[in-house]
Amino acid sequence: MTKKQRKAVRRALREFDGHAGPWAAVLGKVQAYYAQSDPTCWELLRLRYLVGLREEETYQRLHIGRSTYYTKELEALSTVGIYAAQAGLLREE
């Protein structure tokens with residue numbers, strides 16, 4: 001995932017209003033995936049991008065360190081990017 005695509009994913013997550021639509025479907029798939037593999041990644045996405053907490057508040061609430069936060073954030077954003085690209089919501093660069 002390119003830097004531009006990560007930026008587009010972050011922007012879309014911050015702007016997501018919770019209503020049905022293509023991004024809701026993507027987030028539903030991401031949530032289902034992480035429910036099985038790593039619930040912390042979903043909770044990080046939810047708290048940071050959907051609820052709007054700051055980075056520090058997010059990793060403190062998740063009881064993880066800063067380096068773990070950045071690792072899981074990159075993984076989670078990449079997962080969102082994969083599902084978003086499959087749905088035609090991101091351009092390949």
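- Using a cut-off of 4.0 Å between Lys/Arg side-chain N and Asp/Glu carboxylate O, Glu75 and Lys72 are scored as not salt-bridged.
- Under a hydrophobic clustering in which Ile, Leu, Val, Met, Phe, Trp and Tyr are joined whenever their side-chain heavy atoms come within less than 4.5 Å, directly or via other members, Tyr49 and Ile64 fall into different clusters.
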| field | side-chain hydrogen bond (donor to acceptor under 3.5 Å, both in side chains) between Tyr70 and Glu55, intermediate numbers included | value | CA-CA 9 Å; Tyr70 289 121; Glu55 286 181 10; 2.6 Å; yes

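- The two residues Gly81 and Val9 have their closest heavy-atom pair at CA-CG2, 4.0 Å.
- For the atom pair OH of Tyr69 and CG of Leu62, the computed distance is 9.0 Å after rounding to the nearest 0.5 Å.
- Within the 3.5 Å criterion, the main-chain N or O of Thr2 finds a donor-acceptor partner in the side chain of Gln5.
- Between the side chain of Gln60 and the main chain of Glu57, no donor-acceptor pair closer than 3.5 Å is present.
- Between Trp23 and Glu15, every side-chain heavy-atom pair lies at or beyond the 4.5 Å cut-off.
- A single hydrophobic cluster is not seen to contain both Leu13 and Ile82; linkage of ILVMFWY side chains at heavy-atom distances under 4.5 Å, directly or through other members, places them apart.
- The nearest pair of heavy atoms linking Thr58 to Leu47 is CG2-CB, 4.1 Å.
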| request: Could you check Thr68 against Tyr59 for side chain to side chain contact (heavy atoms under 4.5 Å, CB included), going step by step and ending with a plain yes or no? | output: CA-CA 8 Å; Thr68 301; Tyr59 64 74; over 6 Å; no

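- For Arg61, the CZ atom sits in a loose shell: 12 or fewer heavy atoms of surrounding residues, nucleotides or ligands are nearer than 6.0 Å.
- Both Leu50 and Val30 are part of a single hydrophobic cluster, where members link through side-chain heavy atoms under 4.5 Å apart.
- Taking both residues in full, the closest heavy atoms of Tyr34 and Ala76 are given as OH-CA, 3.5 Å, listed atom of the first, atom of the second, then distance.
- Annotation: side chain of Leu77 is in contact with side chain of Leu45 (closest heavy-atom distance under 4.5 Å).
- The structure places OH of Tyr83 at 11.5 Å from CG of Leu27, a figure rounded to the nearest 0.5 Å.
- Residues Val80 and Leu89 are members of one and the same hydrophobic cluster, defined by side-chain heavy-atom contacts under 4.5 angstrom among Ile, Leu, Val, Met, Phe, Trp and Tyr.
- Rounding to the nearest 0.5 angstrom, the gap separating the CD atom in Gln31 from the OG1 atom in Thr79 is 13.5 Å.
- Judged by distance alone, with hydrogens and angles left aside, the side-chain atoms of Ser78 form a donor-acceptor pair with the main-chain N or O of Leu74 at under 3.5 Å.
- Panel note: side chain Arg48, backbone Leu53; a donor-acceptor pair is recorded below 3.5 Å.
- Comment: Arg66 does not engage Glu73 in a salt bridge, judged by the lack of any side-chain N to carboxylate O separation of less than 4.0 angstrom.
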